[in-house]
Amino acid sequence: MARILITSAIPYINGIKHLGNLVGSQLPADLFARYNRARGHEVMFICATDEHGTPAELAAAKAGRPVADYCAEMHAVQAEIARGFRLSFDHFGRSSSARNHALTQHFAGRLADNGLIREVTEKMIYSVDDGRFLPDRYVEGTCPNCGYDSARGDQCDNCTKQLDPTDLINPRSTISGSTNLELRETKHLYLMQRALKDKLEAWIDSKTDWPVLTTSIAKKWLNDGDGLQDRGITRDLHWGIPVKRGDQPWPGMEGKVFYVWFDAPIEYIAATAEWADANGLDDAAWQRWWRTDKGADDVTYYQFMGKDNVPFHTLSFPATILGSGEPWKLVDYLKSFNYLNYDGGQFSTSRGRGVFMDQALQVLPPDYWRWWLLSHAPESSDAEFTWENFQASVNKDLADVLGNLVSRVTKFAASKFGTTVPAGGSFGPSETALIADLGARIREYESLMQAMEVRKAAAELRAIWVIGNEYLQSAAPWTVVKTDPEQAQAMIRLSLNLIRVYAILSQPFIPDAAATMMAAMGSDDWTWPDDLPQAMRSLAPGQPFSVPENLFRKITDEERADWQQRFAGVRT
RNA sequence: GGCUAGGUAGCUCAGCUGGUUAGAGCACGUGACUCAUAAUCACGGGGUCGGGGGUUCGAGUCCCCCCCUCGCCA
């Protein structure tokens with residue numbers, strides 16, 4: 001039994017995420033977690049909300065709420081939606097937790113002790129009326145290059161020139177519109193990533209089995225231009241983790257907080273500590289996942305994220321870990337995803353374009369979404385969601401191939417032999433052949449799942465469902481029953497067992513339907529079919545089963561057209 | 001402008017270190033079957049693998065140039 005640590009990139013607290021966000025990290029991470037649990041491994045699956053930073057403050061202000069209350073509420077909302085999608089986190093933490101405060105301050109203290117923090121005094125734009133320093137992108141003004149009047153402080157959207165906020169003519173705050181801005185000196189902490197460059201590079205180079213997408217991004221940041229840059233890890237904000245050096249005050253840094261990208265990945269660790277706290281366990285319980293000196297040396301750590309997150313997970317966070325000089329667990333395999341597009345364009349949170357997680361669940365149950373998203377995961381390139389494709393995939397794969405198989409077997413069995421597993425006959429050559437074929441396919445499925453080849457694993461699972469229909473079609477128990485009812489009983493006994501095995505194999509993708517299938521077979525044995533011939537005899541003759549409701553319903557053309565229109569424009 | 005990944009059947013995509021007639025699913029056509037959610041199963045039609053050069057006995061698969069899409073960066 002292996003020990004497997006899995007983290008999904010943590011979604012930002014501000015608002016409900018869309019399907020592109022879901023398929024880029026949480027959902028494939030859940031698939032992998034469920035699969036490894038099903039194989040009997042010890043799994044720790046961690047996610048959290050990323051709660052700090054200016055956008056959270058502004059969203060709270062807009063809602064007229066204290067930011068802490070706002071975050072608590074939005075965390076509860078996101079947690080509920082995660083449950084709705086059956087995301088099987090062992091813990092869904094919060095980056096604003098006391099655990100993360102302590103750990104973030106701890107890492108900063110260790111980095112400082114190791115001479116990897118330097119203080120930098122710089123001039124930043126301060127908005128007197130807003131009472132705060134303004135991040136670059138919250139300053140707007142006229143572009144000195146092209147004259148565009150809504151250029152942002154970091155870049156002009158019109159001429160794409162990179163800007164410094166002090167370049168702007170007639171600068172104003174995008175928060176309040178105030179032009180009462182001034183330059184103020186402020187002091188910040190920088191993580192000296194340059195000093196860690198060689199260590200990081202050696203570590204990246206050792207990861208020869210990582211996807212090109214991942215290592216190429218990392219190497220680009222390491223080597224492009226002036227190479228890896230030192231990074232500011234503090235901000236002049238109120239909402240965040242107060243800057244401390246371990247548990248000691250940090251002179252000169254009073255009133256400042258750590259930058260959200262510094263504390264967010266540390267939350268992976270902190271959330272595991274939160275898990276221990278929530279379950280009444282001691283520190284050793286979470287440290288055995290994260291500290292190689294405290295039992296984590298046999299842990300394999302997998303991270304899942306969208307490609308935009310790769311630099312932080314290949315460089316910034318490892319810099320924090322390596323720089324601490326302490327034996328924390330580094331990621332072993334990093335699975336990154338491209339983007340999911342929506343109907344010819346991008347999903348857009350700001351414009352409400354596309355389908356958001358809460359809306360998806362209002363329209364259809366989670367299995368429908370899980371199946372489509374995972375079987376079309378944007379692995380090798382960006383992928384495209386269209387309603388036509390969604391409808392075709394759900395109707396064909398789920399309703400026709402799998403759902404109908406369960407339906408035809410259970411209804412035939414119930415009408416001919418009653419609702420207990422029939423005892424007659426014995427498995428013949430075609431049953432033996434099916435079992436051999438299925439066994440080979442299961443091994444292929446296992447190998448794809450282990451390799452996190454999500455789309456290919458989905459295709460293999462579908463092929464596994466199909467051979468059930470092939471078998472039935474050629475065995476034709478509805479014909480055989482007329483001349484040799486004993487043999488027909490054996491065929492049905494095999495088919496019922498097949499449904500139970502399919503429940504186990506399908507569970508990582510479509511957990512609700514799998515549970516329905518298992519319950520209908522009157523079983524609770526989720527043991528992975530390592531021994532398939534034995535597993536195909538698991539349901540004993542005489543054991544009762546039931547005919548379930550149709551597992552999946554079909555999406556009609558009218559529904560598709562309706563949804564297509566409903567989600568095209570602005571979110572209401 | 002630089003970099004990454006792509007451009008393969010109507011659609012969504014597979015094709016590892018170059019090797020027999022380029023694959024899958026959907027859609028389409030024909031047939032079989034009738035247990036089932038007008039489902040299933042079998043067979044079939046359909047592609048000059050973005051364009052042009054080159055290396056090779058042989059290239060979708062390697063090299064060069066060009067065009068287009070997506071993203072990141074300057």
Side-chain angles (χ1 to χ4, degrees), chain A residues 20 24 154-156 159-163 211-226 229 306-312 336-347 371-373 375-417 448 451 453-463 465-482 488 491-492 495-496 499 513 547-556:
Chain A
D154 51 350
Q155 181 177 30
C156 174
C159 68
T160 73
K161 186 176 170 61
Q162 294 287 304
L163 300 172
V212 181
L213 180 68
T214 302
T215 48
S216 68
I217 292 174
K219 286 182 178 175
K220 178 171 164 49
W221 281 59
L222 274 171
N223 298 315
D224 253 32
D226 298 330
Q229 297 299 301
K307 59 184 172 185
D308 52 328
N309 268 318
V310 168
F312 300 102
S336 60
F337 288 84
N338 289 283
Y339 292 143
L340 181 68
N341 290 320
Y342 180 78
D343 235 352
Q346 292 187 0
F347 276 89
W371 174 252
W372 189 88
L373 290 167
S375 61
H376 295 78
E379 288 178 299
S380 58
S381 65
D382 289 355
E384 173 95 359
F385 177 91
T386 65
W387 286 101
E388 290 84 354
N389 189 312
F390 178 66
Q391 178 193 26
S393 188
V394 163
N395 288 358
K396 194 68 191 177
D397 301 345
L398 296 181
D400 293 347
V401 174
L402 178 61
N404 183 56
L405 174 70
V406 172
S407 187
R408 67 195 294 203
V409 167
T410 54
K411 286 180 180 172
F412 178 81
S415 72
K416 298 296 182 192
F417 310 120
L448 291 168
E453 292 275 9
V454 178
R455 292 176 87 125
K456 289 178 182 172
E460 190 60 36
L461 179 59
R462 186 191 190 281
W465 297 338
V466 165
I467 63 175
N469 280 315
E470 288 173 8
Y471 165 76
L472 268 187
Q473 206 62 33
S474 66
W478 48 88
T479 303
V480 173
V481 70
K482 295 170 188 165
M491 291 171 175
I492 287 305
S495 301
L496 291 168
I499 292 172
V547 178
E549 293 295 303
N550 283 349
L551 254 42
F552 300 98
R553 70 177 187 81
K554 295 199 189 190
I555 297 169
T556 65

- Note on the structure: Pairing partner of B/rU34, by Watson-Crick or G-U wobble and under 3.5 Å for both distances, is none
- Query: For A/Lys456 and B/rG15, is the shortest distance between a side-chain N/O and OP1 or OP2 below 4.0 Å?
  - Reply: yes
- In whole angstroms, how far is the C1' atom of B/rC35 from the CG atom of A/Leu496? 13 Å
- Whichever of A/Ala476 and A/Phe552 has the more 5' nearest nucleotide on RNA chain B, that residue is A/Ala476
- Query: Touch check for A/Leu551, heavy atoms < 4.0 angstrom, all strands: base, sugar-phosphate only, or nothing?
  - Reply: base
- Excluding sequence neighbours, so at least two apart, what forms salt bridge (charged side-chain N to carboxylate O under 4.0 Å, His left out) with A/Arg408? none
- Using whole Å, report how far CD of A/Glu470 lies from P of B/rA36. 21 Å
- Can you tell me if A/Glu460 uses its side chain to pair, donor with acceptor, with the backbone of A/Leu448 under 3.5 Å? no
- Pick the C1' atom in B/rA24 and in B/rU34, then give their distance to the nearest Å. 28 Å
- Item | Candidate nucleotides B/rC35, B/rU37, B/rC13, ranked by approach to the side chain of A/Lys411 - the nearest | B/rU37
- Query: Between A/Arg462 and B/rC26, does any side-chain N or O lie under 4.0 Å from OP1 or OP2?
  - Reply: yes
- Pairwise 5' ranking along RNA chain B for A/Asp400 and A/Lys482, keeping only the more 5' one: A/Lys482
- Using the P atom in both, what is the distance from B/rU56 to B/rU48, to the nearest Å? 28 Å
- With a 4.5 Å limit on heavy-atom distance, are the side chains of A/Asn389 and A/Trp372 in contact? yes
- In the structure shown, which nucleotide is the Watson-Crick or G-U wobble counterpart of B/rG29, with both distances under 3.5 Å? B/rC43
- Item | Spacing of the P atoms in B/rC16 and B/rA22 (rounded, Å) | 16 Å
- For B/rC70 and B/rU30, measure between their P atoms and round to the nearest Å. 40 Å
- Whole Å only: how far is the CZ atom of A/Phe412 from the C1' atom of B/rC33? 13 Å
- Between A/Ser474 (side chain) and A/Tyr471 (backbone), is there a donor-acceptor pair under 3.5 Å? yes
- Query: Rounding to a whole Å, what distance do you find between A/Trp478:CH2 and B/rA39:C1'?
  - Reply: 11 Å
- Under 4.0 angstrom between A/Lys554 side-chain N/O and B/rA38 OP1 or OP2: no
- Task: Using only side-chain N and O atoms of A/Lys396, determine if any of them is under 4.0 Å from OP1 or OP2 of B/rU40.
- Result: yes
- Quickly work out the A/Trp387 CH2 to B/rA27 P distance and round it to whole Å. 19 Å
- Query: In whole Å, what is the span from the CG atom of A/Leu472 to the P atom of B/rU37?
  - Reply: 14 Å
- Message: Using the P atom as the point on both nucleotides, what is the distance between B/rG52 and B/rU8, in whole Å?
- Response: 15 Å
- Gap between atom CD of A/Glu470 and atom CH2 of A/Trp465 - 0.5 Å precision: 15.0 Å
- Taking the same atom, P, in B/rA9 and in B/rC13, what whole-Å distance lies between them? 12 Å
- Message: By the 4.0 Å heavy-atom rule, please label A/Asn404 as base, sugar-phosphate, or nothing.
- Response: base
- Message: Base, sugar-phosphate or nothing for A/Asn550? Non-hydrogen atoms, less than 4.0 Å.
- Response: base
- Task: Nearest whole angstrom, please: distance from the P of B/rC11 to the NE2 of A/His376.
- Result: 15 Å
- Query: Roughly how far, to the nearest 0.5 Å, is the CG atom of A/Asp400 from the OG atom of A/Ser407?
  - Reply: 11.0 Å
- Message: Please give the distance between the C1' atoms of B/rC11 and B/rG71 as a whole number of Å.
- Response: 24 Å
- Can you check side-chain contact (heavy atoms from CB on, under 4.5 Å) on A/Val401 and A/Val466, steps first, answer last? CA-CA 6 Å; A/Val401 174; A/Val466 165; 3.9 Å; yes
- So what's B/rA24 paired with, Watson-Crick or G-U wobble, going by both distances under 3.5 Å? B/rU12
- Item | Between B/rA36 and B/rG29 - P atom distance, rounded Å | 25 Å
- Message: Heavy atoms only, 4.0 Å cut-off, all strands: where does A/Val409 land among base, sugar-phosphate and nothing?
- Response: nothing
- Nearest-Å distance, CG (A/Leu398) to P (B/rG25)? 17 Å
